[in-house]
Amino acid sequence: MIVQLFIFYFKNNEFLKPGSEIINIPIAHNEGNFFANEDTLKEIMDGDQIVFRYCDLEGNINLNSNPNGSIENVAGIINKEGNVLGMMP
């Protein structure tokens with residue numbers, strides 16, 4: 001299965017340069033997904049730590065483009081320092 005990821009770039013990110021784009025990436029699961037409690041999710045979102053979100057071919061982030069039920073379509077996050085990346089596609 002191929003999914004699309006909308007990539008968000010932020011200045012504190014060691015892995016990606018400024019801008020944003022959509023990439024295609026293969027997945028072979030549908031079992032695991034990103035989840036966090038409300039406070040943690042707010043902290044991650046406020047800290048610009050979400051770098052990958054599942055999207056459709058046009059870059060729309062919606063439930064139909066989410067292959068595994070991940071909260072907020074999250075497919076990858078970074079730590080506060082921007083030097084550790086965790087990905088779930």
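The residues of the chain are indexed from 1 along the displayed sequence.
For the atom pair CD1 (Ile61) and CG (Leu5), the distance works out to 10.0 Å, reported to the nearest 0.5 Å. To the nearest 0.5 Å, atom CG of residue Asn60 and atom CD1 of residue Ile22 are 8.0 Å apart. Atom CD1 of Ile78 and atom CE of Met87 lie 13.0 Å apart (nearest 0.5 Å). Distance CG/Asn37 to NZ/Lys42: 13.0 Å, rounded to 0.5 Å. To the nearest 0.5 Å, atom SG of residue Cys55 and atom CG of residue Asn66 are 11.0 Å apart. In this structure, Glu72 CD and Ile77 CD1 are separated by 13.0 Å, a value rounded to the nearest 0.5 Å.
Proximity of a side-chain donor or acceptor of Asn73 to a complementary backbone N or O of Tyr54 within less than 3.5 Å is detected. The main-chain N or O of Glu43 is never found under 3.5 Å from a side-chain atom of Asp39 such that the two would form a donor-acceptor pair. Without hydrogens or angle criteria, Gln4 side chain to Asn24 main chain gives no donor-acceptor distance under 3.5 Å.
When all heavy atoms are compared, the tightest approach of Asn79 to Gln49 is C-NE2, 3.4 Å. Ser65 and Pro67 make their closest contact through O-CD, 3.2 Å (heavy atoms, listed as atom of the first residue, atom of the second, distance).
The side-chain heavy atoms of Asp56 and Asn62, taken from C-beta on, include a pair separated by under 4.5 Å. Looking at heavy atoms from C-beta onward, Ile44 lies in side-chain contact with Phe34 at the 4.5 angstrom threshold.
Atom CD1 of Ile2 sits in a crowded spot, with more than 12 heavy atoms from other residues, nucleotides or ligands closer than 6.0 Å.
Linking ILVMFWY side-chain heavy atoms closer than 4.5 Å, directly or via other members, places Ile25 and Met1 in a single hydrophobic cluster.
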